[in-house]
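Structure, as structure tokens:
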Amino acid sequence: MKIKDIKVWSVDLGNTKPYTIAFKTVDEVKNAFVEITLDNGLTGIGAGNPSEYVVGETLDQCLDALQEKNIEFLIGRDIREINQLTFEVWKRLPENPSARAALDIALYDVFTKFLDVPLVKFLGQKIKKLPTSNTIGIKNVEETLKEAEDYIKRGFRVLKVKLGRDLMEDVERIMKLREKFGPGIVIRIDANQGYTVEQTIQFYGRTYDLDVELIEQPLPAKAISEMKSLPSEVRQKVAADESLITPADAIELLKPPKAAKIFNIKLMKCGGVSQALKIADIGLHEDIDLFWGCNDESIVSITAALHTAFACSNTKYIDLDGSLDLARDVVKGGFILKDGYMTCSDKPGLGVERI
């Protein structure tokens, strides 16, 4: 069953709730899309949303990598060679993880449609459902409490709070959240590289009794030795995010002493399903918990991340809210969200349909 055609385009999906994190404000959501068509008419779709700050790839660079001259090697290839095809995508586009992710996801989508099974079933489903975080950007205390209340009314019970600009205000926001909503909600925080070692230890100590579930990327991405210098009890709570791009990064983070107990895996960082599974396997053999994250992304790639996450037995957390505040999308369907819990559909492939 051969690949007949590949289409590439981009769309600004819009953002109904612009937000601020430690290093930028997000007010638009530009994604690249790839659609692969087989000679029997089956189609598969993939999506990419690069993060220039994290991986050094812009949308223009992503789209340039997806030009016909760079992807025509896939035309005429047998989709049943899925492992070889994703390997070649990885080798040919080493500097463009979101472009690789878009191609990789589209290949997996059309392949598992060809097999007539959901992607998660092909990969080997280990998990049926998990609650996703919903993310609150950097805001003052009053705005933080208001947004949290909105999410809780919608059925979400896991909040991820963006911090990293002012330690004292950060601590106050967490204190007020716990004070107002009690133990019935889960609080995770993401400092987005905004703390020093001393500030990370301070934050941990000041919020110890507030039951913060995890601390995502408190230190700069390249500060691996500093991460390893944190007290062991702090590192047990740390999730490596911007420090973890590739499987090679995973190996480096695990060299004794381990820099973190949790790996945050994003398809847009590592380059799609195939590379994410490699990072997940490395983590599995070292007793690392997995935390699956996202950028602001289409339902397409969010669903791909969910299927991949649920195929990994060491997945413990998901933060796959990246499509929930989009103004529009190019597909419908995909994941199922109810009372804050995400599940995969039983439709073949990703289970998404073009609008």
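- Classification of the Phe87-Trp90 ring pair by plane angle, with boundaries at 30° and 60°, yields tilted.
- A donor-acceptor pair shorter than 3.5 Å cannot be found between the side chains of Asn192 and Gln217.
- The aromatic rings of Phe111 and Phe122 sit perpendicular, their planes meeting at an angle over 60°, well past the 30° parallel limit.
- Two residues are said to be in side-chain contact when any heavy atoms from C-beta on lie closer than 4.5 Å; Tyr151 and Ile136 meet this criterion.
- Under the 4.0 Å criterion applied to side-chain N and carboxylate O atoms, Arg77 and Glu88 are assigned as salt-bridge partners.
- Salt-bridge annotation for Lys255 and Glu252: present, with a side-chain N of the basic residue lying under 4.0 Å from a carboxylate O of the acidic one.
- Residues Lys266 and Asp241 are paired through a salt bridge, judged by an N-O separation under 4.0 Å between the basic side chain and the carboxylate.
- Formation of a donor-acceptor pair under 3.5 Å by the Gln193 side chain with backbone atoms of Ala221 is found in this model.
- Contact check on Asp150 versus Lys146 returns a salt bridge, with a Lys/Arg side-chain nitrogen under 4.0 Å from an Asp/Glu carboxylate oxygen.
- A salt bridge links Asp319 to Lys160: one of the charged nitrogens lies within less than 4.0 Å of a carboxylate oxygen.
- At least one cation-pi condition fails for Arg188 and Tyr317: the charged atom is not both under 6.0 angstrom from the six-membered ring centre and inside a 45 degree cone around its axis.
- Using a 4.0 Å cut-off between charged side-chain N and carboxylate O, Asp190 and Lys162 make a salt bridge.
- The residues Lys180 and Glu149 are annotated as salt-bridged, a charged nitrogen and a carboxylate oxygen being separated by less than 4.0 angstrom.
- Ionic pairing of Lys176 and Glu142 is not present here: no N-O contact between side-chain nitrogen and carboxylate oxygen is shorter than 4.0 angstrom.
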